[in-house]
Amino acid sequence: MLTRIKGGEIVDPVNGRLGKGDLWIEDETIVEAPTGRRADRTIDAAGCVVMAGAIDIHSHIGGGNVNTARLLLPEHHAAHAPRPAETPLSNAGWSTFQTGCLYAKMGFTTVVEPAMSPGSALHTHLELADIPIIDKATLAILGNDDFLLSMIRDKASSQMIEDYVAWTVSSSRALGVKVINAGAAAAFKENVRTFSLDDVVPSYGVSSRKIVKTLQAAVTKLGIPHPLHVHCNNLGAPGAADTAAATIAAAEGVPLHLAHLQFYGYGTEGKRRFSSEGARLAELVNSTSEVTIDIGQVMFGQTVTISSDVMRQFTSRGTASPKKTVIFDGDGNGGGIVPYRYRDDFYGSVQWAIGLELFLLINDPWRVFFTTDHPNGAPFTAYPDLFALLMSRDARNAAAANLSQKALALTTLGSIDREYTFEEIAIMTRAAPAKLLGLKDRGHLGAGALADVAVYRKGKDIAQMFREAAFVIKNGEVVVEDGAIKNYRWGRALRLNPPPDKAMVRRLEAYHQDRYGLSLDWFDFPDSAIRRDEPFGEVSCNA
């Protein structure tokens, strides 16, 4: 089928298209304007902005922690229904099914779950497969497991560690590697309760810095497109800006991605010893070209924090609202579920402002990414309101007027005039994430790209514009029209597939037999476990 999206304002920074024009799609692919052919279908985009489908690089949408949060907070489920045979995970309110619909309505077509424990990869992929419409991907967690820490302690060769990382990525069907508070979950088992970049894991004698640098080197050597995705130490602690600064310095010219930097932007100035270091961190990012970051913006209201940073979640359980918590100390990766309500009080105001400072003071839109660290800073459905704040200084000032002025005085937000353009929005939510993840077939509207397209009807209400897209097209199919789902389809999980080394597979088989009494097959699964045609889409490693 030949489709013409007619007369829209094209915003495609990758291909230099910024202005009114037509976009042509043939089946699943964007094509050049054909000569001598009439469209089978025409979509009128007059008065609309046309962008590529949006990509979220950090949103917790599947896996054990997400499901535990659902079980902990049944009052936030809209309804329960009998389980259908083919979609057994899709019934509860804010379910897998609802996740895909809500993302699609906002024009998002690809979302990355950034924290998959390799041991629960099958469960995670089964759940992601239950999310309709959008494509998904995962990042595999390493950095606290006995096998890796033992190899680092025993001075295993770089090649052996690369082989292990390659096997983990391949067997768990991941698109990259994440490290969460490197070494801290292992140290937590020895009753350690705080852990910094140069602290050493008991029994292993390796520092957090050593773990990060080892994984950073392996990811780079393997040609994994996405740099090592780092959840730093000391998340949420006053003074954590020093930890973030040390981690940025540790990049040392090699690509590194820091997750949810807002949660590290906390200084110790003022009467309450809680202030903003957003401007300092933004300047460090500006001057360190190999570092990319996502924000983890805080928005006000009820949410639930979920994380495999078991040390952090254990520390924060006293702030739970409502007062209930789940903490578990797993093998390799622990986790914690702590409900939380962000209030417009002193502390909430500082957190809200720090995220905005980072967004507005980091100069290069190709190196800063939109996230709320869903659901930790806010549900992803808050993105449209966040876009409105960034595109309008008046909107920010109006919102700030209702917050603690003593808190905002400890930030630089009031002095920032920058307003985002549509081109910057397109870079930060489309072009840049595609580049960072190595997804050459999306994030732009050039000929040959996958036909993932979002059409927004322009209006004064920016949040409403981005909340309900006029049209969303996924793989050439119209899935959203006037903010309503029109067509349900199944996306794929995007993965890397580096060939596993046979000697490493034998070594892992022996390790798992000895440690767990289980075959390595328990930690791997065939693609056919996802009962759908072509459940995975393969992405190439860098040469």
Side-chain angles (χ1 to χ4, degrees), residues 57-58 60 114-115 143 178-185 194-199 208-209 211-212 216 227-251 256-270 272-288 290-299 305-313 315-316 319 336 338 340 342 347-362 367-374 376-378 407 410-413:
I57 70 163
H58 190 114
H60 298 285
K178 183 183 187 184
V179 59
I180 298 176
N181 200 352
T194 62
F195 201 69
S196 293
L197 187 61
D198 289 307
D199 286 343
S208 187
R209 181 190 297 270
I211 298 167
V212 170
Q216 180 195 30
L228 181 65
H229 197 101
V230 180
H231 168 129
C232 300
N233 318 81
N234 293 327
L235 183 146
D242 290 342
T243 301
T247 309
I248 290 171
L256 200 66
H257 180 86
L258 302 190
H260 36 66
L261 192 61
Q262 177 278 135
F263 287 110
Y264 303 94
Y266 307 155
T268 57
E269 298 297 318
R272 306 185 197 216
R273 299 190 62 75
F274 191 75
S275 58
S276 171
E277 293 269 17
R280 174 192 173 199
L281 292 184
E283 184 54 37
L284 288 172
V285 174
N286 285 335
S287 60
T288 313
E290 66 271 29
V291 165
T292 54
I293 65 113
D294 60 78
I295 297 293
Q297 175 68 36
V298 159
M299 303 289 271
T305 66
I306 64 173
S307 178
S308 293
D309 187 344
V310 63
M311 188 175 288
R312 166 60 196 170
Q313 294 299 78
T315 301
S316 65
T319 64
V338 182
Y340 192 78
Y342 290 101
Y347 297 100
S349 298
V350 172
Q351 289 180 290
W352 177 83
I354 290 172
L356 295 176
E357 285 180 291
L358 292 169
F359 270 122
L360 295 163
L361 293 174
I362 295 175
R367 295 199 291 122
V368 56
F369 297 88
F370 278 93
T371 67
T372 55
D373 187 19
H374 167 84
N376 291 305
L410 294 169
T411 79
T412 63
L413 185 62

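The chain is numbered in sequence order, starting from 1.
In this structure, E277 contributes its side chain and G267 its backbone to no donor-acceptor pair below 3.5 Å. Between the side chain of T372 and the main chain of G377, no donor-acceptor pair closer than 3.5 Å is present. At distances below 3.5 Å, at least one donor-acceptor pair connects side-chain atoms of Q297 with backbone N or O atoms of L356. Judged by distance alone, with hydrogens and angles left aside, the side-chain atoms of S208 form a donor-acceptor pair with the main-chain N or O of A182 at under 3.5 Å. Side-chain atoms of S316 come within 3.5 Å of backbone N or O of Q313 as a donor-acceptor pair.
Scanning all heavy atoms of the two residues, the minimum distance from K178 to I180 falls at CE-CG1, 3.7 Å. When every heavy atom of G265 is checked against every heavy atom of I354, the shortest pair comes out as O-CD1, 3.1 Å. Taking each heavy atom of I295 and T371 in turn, the nearest pair found is N-OG1, 3.4 Å.
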Legend entry - side-chain contact (heavy atoms from CB on, under 4.5 Å) between Q351 and F274, worked out: CA-CA 10 Å; Q351 289 180 290; F274 191 75; 4.2 Å; yes
Inset, instruction - Begin with the C-alpha distance, continue with both residues' side-chain angles, and end with the deciding distance and a verdict on side-chain contact (heavy atoms from CB on, under 4.5 Å) for D294 and H229. - result: CA-CA 10 Å; D294 60 78; H229 197 101; 3.9 Å; yes
Inset, instruction - Applying side-chain contact (heavy atoms from CB on, under 4.5 Å), run through I248 and I293 and close with a yes or a no. - result: CA-CA 10 Å; I248 290 171; I293 65 113; 5.8 Å; no
Inset, instruction - Carefully, step by step, assess L358 and V368 under the rule side-chain contact (heavy atoms from CB on, under 4.5 Å). - result: CA-CA 9 Å; L358 292 169; V368 56; 5.9 Å; no
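In this structure T247 satisfies the side chain to side chain donor-acceptor pair (under 3.5 Å) test with no other residue, sequence neighbours excluded. For D198, the side chain to side chain donor-acceptor pair (under 3.5 Å) partners two or more places apart in sequence, or in a different chain, are R209. Every ring pair (Phe, Tyr, Trp, His ring centres under 6.0 Å) that H60 has, sequence neighbours left out, goes to H58. For the side chain to side chain donor-acceptor pair (under 3.5 Å) test, residues two or more places apart in sequence or in another chain that qualify with D242 are R280. Listed by chain and residue number, F359, F387 satisfy the ring pair (Phe, Tyr, Trp, His ring centres under 6.0 Å) test with F370 (two or more places apart in sequence, or in another chain). In this structure, the ring pair (Phe, Tyr, Trp, His ring centres under 6.0 Å) partners of Y340, at least two apart in sequence or on a different chain, are Y342.
Of the options N181, T194, T243, a side-chain hydrogen bond (donor to acceptor under 3.5 Å, both in side chains) to N233 is made by N181 and by none of the others.
In summary, the side chains of T412 and E357 do present a donor paired with an acceptor at a separation below 3.5 Å, with no hydrogens or angles considered.
Ring planes of H260 and Y264: parallel class, angle under 30° (limits at 30 and 60°).
Atom CD of E290 is surrounded by more than 12 heavy atoms from other residues, nucleotides or ligands within 6.0 Å.
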